[in-house]
Amino acid sequence: MENKRVRVRFAPSPTGGLHMGGVRVALFNYLFAKKHGGDFILRIEDTDQTRFVAGAEEYIINSLKWCGIEPNEGVGFGDGPHAPYRQSERKEQGIYKKYADQLVASEHAYYAFDTSEELDEMRKRLEAAKVAAPQYNAVSRQNMRNSLTLSEDEVKRLLEAGTPYVIRLKVPRNEEIRFHDIIRGWVVVNSSQVDDKVLLKSDGMPTYHLAHIVDDVEMKISHAMRGEEWLPSAPAHILIYRYLGLEDQMPQLAHLPLILKPDGNGKLSKRDKSGLPMFPLNWSDPRDNTDYVGYKETGFFPEAFINMLVLLGWNPGDNKEIMSKDELIQLFSLERINKAGAKFDPEKTKWFNQQYLRKKTDEELADLFMPMLKEQGFEVKKDFAVKVCKLVKEKAHFVTEFWSLGSFLFITPETFDAGVLEKRLNPQTHGFIAELKNALNDVSNFNAIDTEAALKATCEKTGIATGQIMQLFRVALTGLAGGPSLFETMELIGKEETIKRLNFFLEKNKV
RNA sequence: GGCCCGUUCGUCUAGGGGUUAGGACGCGUCCCUUUCACGGACGAAACACGGGUUCGAUUCCCGUACGGGCUACCA
């Protein structure tokens, strides 16, 4: 068991868009599998028919693809030796019922016929009696309608009459359950804290508790990584493995810390004030009729998104922060995962994207930017787009900012920064701009070097220091108080446009 | 409420019985610069609290506080 092939799975239920917390669980599984040359499986846990959301499964698959953390086995990824990988389909094959029946036969599970009204009543009764943890368990089951309290004949009669029933796990009254978690070490819980979990629902579907165990064993999963929210039910799972005689095939457990909200308390939810997305891709949720924006559409690179996520709760042990997927695979280890939940930091998330933005070549950026330019109505040649990217990227965190940062390269400014005008515009500087315009008009080879020379010459001629007029010149040319090199800007927009802009400025701002 | 898990700068974290407690984001100052940004330098900023154990605890143990999770025929 110790040395069996590494096989891990990501097993979401298709009840909505895949949240970034889910992406991180998938990521950890992926990295671990790749690190050990193992398999990464996508299993769809669609056992709750009432919460099923159409399109969710496809969304999950597309998200994993965009993130570059693709399973090599499972739904949407070519299936594999353990198909089907959808639990609803596996249920049709009777896989889960078989195990549930085995548990009943060995008297570790039983039939329960209680209606939801009866269950409600029981809880109310227990609450009224000030029972600390009102639950269906070794004590309360004695007052309920199940195969433990009913006569054999009665049970048989109910079953034959088609009375709805569930199968529940018979949890012992007072027994220590201990299990080892790779991240948390030994955890001990008394069985009195564990309720008699429903294993098989009245619609014949298994619950998560039964289904994931059956599938993990049948699919030969070696390590089960999942969110910390599963820790409280882990003891029940241990019992199921044990009663099924499958303890030696149990995967090693690792309960991952949760991602917490940036401000305030609690775990991350679908919508957050931080302004950053919670989903990898745009997601239209049919349940609350809301459109959620994705990291992709916000302009994030998948590498940056992944890099940010992996460092929420894990680190390589040195101070390295920017890591490629291959490096992550190389460096990843479960032992270095933290125990405590991590607050998600929007500012640092943007910083990650900026780091990746700077690593891209201008050509790569141009490929991304040109479609956005086209949307704005500007179709330009690639080499021009490359030059624009080179100028505009310095300040940006996202390619999606390029347009607002560089629109002045395409659109002649009609308004001018009022603050600079007030501070710098006077008859002398106005005259200077006019003088400069003429000098620029005489530049035959209109490149950054020659235009800069023209400016220097004009400064010397008029006796005005460069620092005195650059700001105004910038505003005259771009309308803005800040931006990339003016000489590069002029080279890009060309002589004709430069002169035209300066004329317009001089005309509009007479003093 | 009960049970479980956790707690190092504001945030992500390194470290670990004796350290000037390290890095990153963000913030501030300065340098570079025509501006904004980038880059560089510097700075402010943390071991939740109380008891033990120990020559010595931020590190180990126990409490407390605080935070998180769970408490469904949901996963």
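Any value given below was found using the heavy atoms of this structure, including those in side chains, with hydrogens, waters and symmetry copies removed. Letters A, B, ... mirror the listed sequences (proteins, then strands); counts begin at 1. What you see is a predicted model; the values in this text were computed from it and never measured.
A/L260 places its CG atom 7 Å from the P atom of B/G69, with the value rounded to the nearest Å. Taking atom CZ of residue A/F344 and atom C1' of nucleotide B/G10, one finds them 16 Å apart after rounding to whole Å. Look at CG on A/N338: it is 14 Å from C1' on B/C5, rounded to the nearest Å. A straight line from CG of A/L210 to P of B/A75 spans 11 Å, rounded to a whole angstrom. Note: CZ (A/F352) to C1' (B/U11) measures 12 Å, nearest angstrom. Atom P of nucleotide B/C36 and atom CD of A/E488 are separated by 18 Å, given to the nearest angstrom. The NE2 atom of A/H237 sits 17 Å away from the P atom of B/C4 (whole-angstrom rounding). Rounded to whole Å, the distance from CG on A/L331 to P on B/A14 is 14 Å.
Using atom P as the reference point in both B/G67 and B/C12, the two lie 15 Å apart (nearest Å). The C1' atoms of B/A46 and B/G40 are separated by 26 Å, rounded to the nearest whole Å. Atom P of B/C25 sits at a distance of 12 Å from the matching atom of B/A41, rounded to the whole Å. With both ends at atom C1', the span from B/U58 to B/G50 equals 15 Å, rounded to whole Å. Taking atom C1' in both B/A14 and B/U53, one finds a spacing of 27 Å when rounded to whole Å. For the C1' atom pair drawn from B/C62 and B/A57, the interatomic distance equals 15 Å after rounding to whole Å. B/U19 and B/G10 are spaced 22 Å apart, taking the P atom of each and rounding to whole Å. Look at the P atom in both B/U11 and B/C30: the space between them is 28 Å, to the nearest Å.
Pair assignment for B/U20 gives none, since no Watson-Crick or G-U wobble pairing has each distance under 3.5 Å. A 3.5 Å limit on both hydrogen-bonding distances identifies no Watson-Crick or G-U partner for B/C36. B/U29 and B/A41 make up a base pair, with Watson-Crick or G-U wobble contacts both under 3.5 Å. If you check B/U58 for Watson-Crick or wobble pairing at under 3.5 angstrom, you find it has no partner at all. Pair assignment for B/C70: B/G2, on the basis of Watson-Crick or G-U wobble contacts that are both within less than 3.5 Å. In this entry B/A65 has B/U7 as its Watson-Crick or G-U wobble partner, both defining distances falling under 3.5 Å.
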Mind listing the N/O atom pairs, protein and nucleotides 70-73 of chain B, below 3.5 Å?
{"unit_1": "B/C73", "atom_1": "OP2", "unit_2": "A/R168", "atom_2": "NH2", "d": "3.2"}
{"unit_1": "B/C73", "atom_1": "O2", "unit_2": "A/S202", "atom_2": "N", "d": "2.8"}
{"unit_1": "B/C73", "atom_1": "O2", "unit_2": "A/S202", "atom_2": "OG", "d": "2.8"}
{"unit_1": "B/C73", "atom_1": "N3", "unit_2": "A/S202", "atom_2": "OG", "d": "3.0"}
{"unit_1": "B/C73", "atom_1": "N4", "unit_2": "A/D114", "atom_2": "O", "d": "3.2"}

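At least one cation-pi condition fails for A/K395 and A/F402: the charged atom is not both under 6.0 angstrom from the six-membered ring centre and inside a 45 degree cone around its axis. Seen from the ring of A/W314, A/R336 does not count as a face-on cation partner, given the 6.0 Å and 45° thresholds.
Relative to the side chain of A/R358, the nucleotides B/G39, B/G15, B/C12 differ in distance, and B/G39 lies closest.
We find that A/K270 and A/D288 are joined by a salt bridge, their nearest charged nitrogen and carboxylate oxygen being less than 4.0 Å apart. Contact check on A/D216 versus A/R43 returns a salt bridge, with a Lys/Arg side-chain nitrogen under 4.0 Å from an Asp/Glu carboxylate oxygen. Residues A/K393 and A/D362 are paired through a salt bridge, judged by an N-O separation under 4.0 Å between the basic side chain and the carboxylate. The existence of a salt bridge linking A/R123 and A/D120 is confirmed by a sub-4.0 Å separation between a basic side-chain nitrogen and an acidic carboxylate oxygen. The pair A/K359-A/E303 fails the salt-bridge criterion, with no side-chain N (NZ, NE, NH1 or NH2) lying under 4.0 Å from an Asp/Glu carboxylate O. Ionic pairing of A/R90 and A/E218 is present here: one or more N-O contacts between side-chain nitrogen and carboxylate oxygen are shorter than 4.0 angstrom.
Nucleic acid contact class of A/G227 (heavy atoms, under 4.0 Å, all strands): none. Within the 4.0 angstrom heavy-atom criterion, only backbone atoms of the sugar-phosphate kind lie near A/E45; the bases stay farther away. A/V187 comes within 4.0 angstrom of the backbone, heavy atoms only, and of no base. In this structure, A/R424 reaches neither bases nor backbone, as no heavy-atom distance under 4.0 Å exists between it and the strands shown.
In terms of position on RNA chain B, the residue among A/G317 and A/A396 whose nearest nucleotide sits closer to the 5' end is A/G317.
Atom NZ of A/K197 is separated from atom NE2 of A/H209 by 4.5 Å, given to the nearest 0.5 angstrom.
Under the 6.0 Å cut-off for aromatic ring centres, A/Y356 and A/F300 do not qualify, their centroids lying 6.0 Å or more apart. A/F369 and A/W403 have their aromatic ring centers separated by at least 6.0 angstrom. Residues A/F279 and A/Y292 bring their aromatic ring centres within 6.0 Å.
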field: Footprint string (nucleotides 27-35 of chain B, 5' to 3'): B base within contact, S backbone only, - free, heavy atoms under 4.0 Å
entry: -------BB
message: Base contacts versus sugar-phosphate-only contacts with protein, heavy atoms under 4.0 Å: please encode nucleotides 21-26 of chain B as B, S and - from 5' to 3'.
response: -BSBB-
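Between A/D181 and A/H255, the side chains place a donor N or O and an acceptor N or O closer than 3.5 Å (distance only, hydrogens not considered). With no hydrogens or angles considered, no side-chain donor-acceptor pair links A/E175 and A/N190 at under 3.5 Å.
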